Amino acid sequence: MAKSHVKMTINGKPVEALVEPRTLLIHFLREQLGLTGPHIGCETTHCGACTVDLDGKSVKACTIFAVQADGGEMLTIEGMANPDGSLHVLQETFREHHGLQCGYCTPGMITRAHRLLQENKDPSESEIRHGIAGNLCRCTGYQNIVKAIQAAAAKLNGREFKEAAE
Ligand code: FES
Ligand code: FES
């Protein structure tokens, strides 16, 4: 199949490549670019394990062709850590609050949470749950993911995070 030339910025770096029009963005990222953090958990666009940030939106990379991201600006989990190598606040709070177990959903979950906190700087618990409804997790039961996102929001808003009594 004839290949198309695409150019985009991924995690701050310019990328140019030839891709088949049918190549899904998730396969382009994982197989052509070696960015294997975003995962594939379904074939029906439910799980969100493939979530990346594209032009300021959370996008399920399994449901967009790589050619559609031509000219775009993308962030994947690999680009989340700070330039000095320290963890992004969300990566840190997911670790602190045990927001992951197998880790398979985590790249998509954190990338989504990152965009969520830009859409809503101080979300309530129900807004967080609703905000990550496109991301499934088999392991955590979500509770600690919610806490991790609340803790990140508190840090970003210069507040101390207090866990609600259970
Ligand atoms: S792999 Fe499940 S939504 Fe993309
Ligand atoms: S940590 Fe295993 S699927 Fe979420």
Side-chain angles (χ1 to χ4, degrees), residues 4 6 8-11 15 17 19-81 87-120 123 125-153 155 161 163-164 166:
S4 304
V6 293
M8 54 191 88
T9 306
I10 304 182
N11 300 331
V15 170
V19 286
E20 285 188 14
R22 65 176 175 172
T23 300
L24 296 172
L25 179 60
I26 187 68
H27 289 136
F28 174 60
L29 292 172
R30 291 179 53 83
E31 289 164 25
Q32 265 179 266
L33 303 182
L35 294 170
T36 56
H39 289 137
I40 301 168
C42 72
E43 295 183 334
T44 49
T45 316
H46 281 85
C47 77
C50 60
T51 303
V52 299
D53 202 82
L54 176 61
D55 295 330
K57 290 196 179 102
S58 293
V59 166
K60 292 181 175 178
C62 72
T63 311
I64 172 169
F65 296 116
V67 289
Q68 292 175 282
D70 188 24
E73 172 121 20
M74 207 180 317
L75 179 74
T76 70
I77 191 67
E78 288 86 352
M80 288 280 301
L87 294 180
H88 182 276
V89 61
L90 274 162
Q91 294 173 311
E92 195 60 53
T93 58
F94 267 66
R95 182 183 69 77
E96 275 170 19
H97 295 277
H98 310 288
L100 67 149
Q101 289 178 36
C102 79
Y104 200 87
C105 71
T106 316
M109 199 63 92
I110 288 184
T111 313
R112 170 60 198 141
H114 172 58
R115 179 53 48 193
L116 171 65
L117 291 182
Q118 288 173 55
E119 292 162 357
N120 182 350
E125 175 176 345
S126 72
E127 285 169 338
I128 291 174
R129 288 183 185 274
H130 186 74
I132 59 165
N135 293 73
L136 301 182
C137 177
R138 286 278 190 162
C139 304
T140 64
Y142 301 98
Q143 188 65 28
N144 286 347
I145 291 177
V146 173
K147 271 189 207 163
I149 298 173
Q150 285 174 320
K155 261 192 201 177
F161 172 61
E163 280 187 35
E166 283 174 16

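Since we're looking at a predicted model, the values are computed, not measured. Just so you know, ligand 1 is whichever comes first in the structure, and atom 1 is the first atom listed for that ligand.
- Formation of a donor-acceptor pair under 3.5 Å by the Arg129 side chain with backbone atoms of Val146 is not found in this model.
- In terms of heavy-atom proximity, Ile26 sits nearest to Cys50 at CD1-CB, 3.7 Å.
- For atom 1 (S) of ligand 1, the nearest protein heavy atom (residue, atom name, distance) is Gly41 N, 3.4 Å.
- Atoms of ligand 1 lying under 4.0 Å from any heavy atom of Lys60, numbered from 1 in the order shown and given with element: 3 (S).
- Here ring pair (Phe, Tyr, Trp, His ring centres under 6.0 Å) pairs that include residues 32-53, with residues two or more places apart or in two chains, are His39-Tyr104.
- The closest side-chain donor-acceptor pair between Glu78 and Asn11, if any, does not fall under 3.5 angstrom.
- Residue contacts with ligand 1 for Glu43 are absent, since no atom lies close enough (heavy atoms, distance under 4.0 Å).
- Within the coordination shell of atom 2 (Fe) of ligand 1, defined by N, O or S atoms under 2.8 Å, Cys62 is absent.
- Proximity of a side-chain donor or acceptor of Asn135 to a complementary backbone N or O of Gly48 within less than 3.5 Å is detected.
- With His88 contributing its side chain and Leu90 its backbone, the two residues share a donor-acceptor pair below 3.5 Å.
- Taking every non-hydrogen atom of Cys47 and a distance limit under 4.0 Å, the qualifying atoms of ligand 1 come out as 1 (S), 2 (Fe), 3 (S).
- Panel detail: atom 4 (Fe) of ligand 2 has protein N, O or S atoms under 2.8 Å away, 2 in number.
- The side-chain hydrogen bond (donor to acceptor under 3.5 Å, both in side chains) pairs that include a residue from residues 59-71 are Thr45-Thr63, where partners are two or more places apart or lie in different chains.
- Atoms of ligand 1 lying under 4.0 Å from at least one heavy atom of Gly48, given by number and element, are 2 (Fe), 3 (S).
- Taking both residues in full, the closest heavy atoms of Leu24 and Cys62 are given as CD2-O, 3.4 Å, listed atom of the first, atom of the second, then distance.
- Within the structure, the salt bridge (Lys or Arg N to Asp or Glu O under 4.0 Å) test picks out the following pairs touching residues 93-120 (sequence neighbours left out): Asp53-Arg115, Glu92-Arg95, Glu96-Lys155, Arg112-Glu119.
- In summary, Cys50 places no N/O/S atom under 2.8 Å from atom 2 (Fe) of ligand 1, failing the contact criterion.
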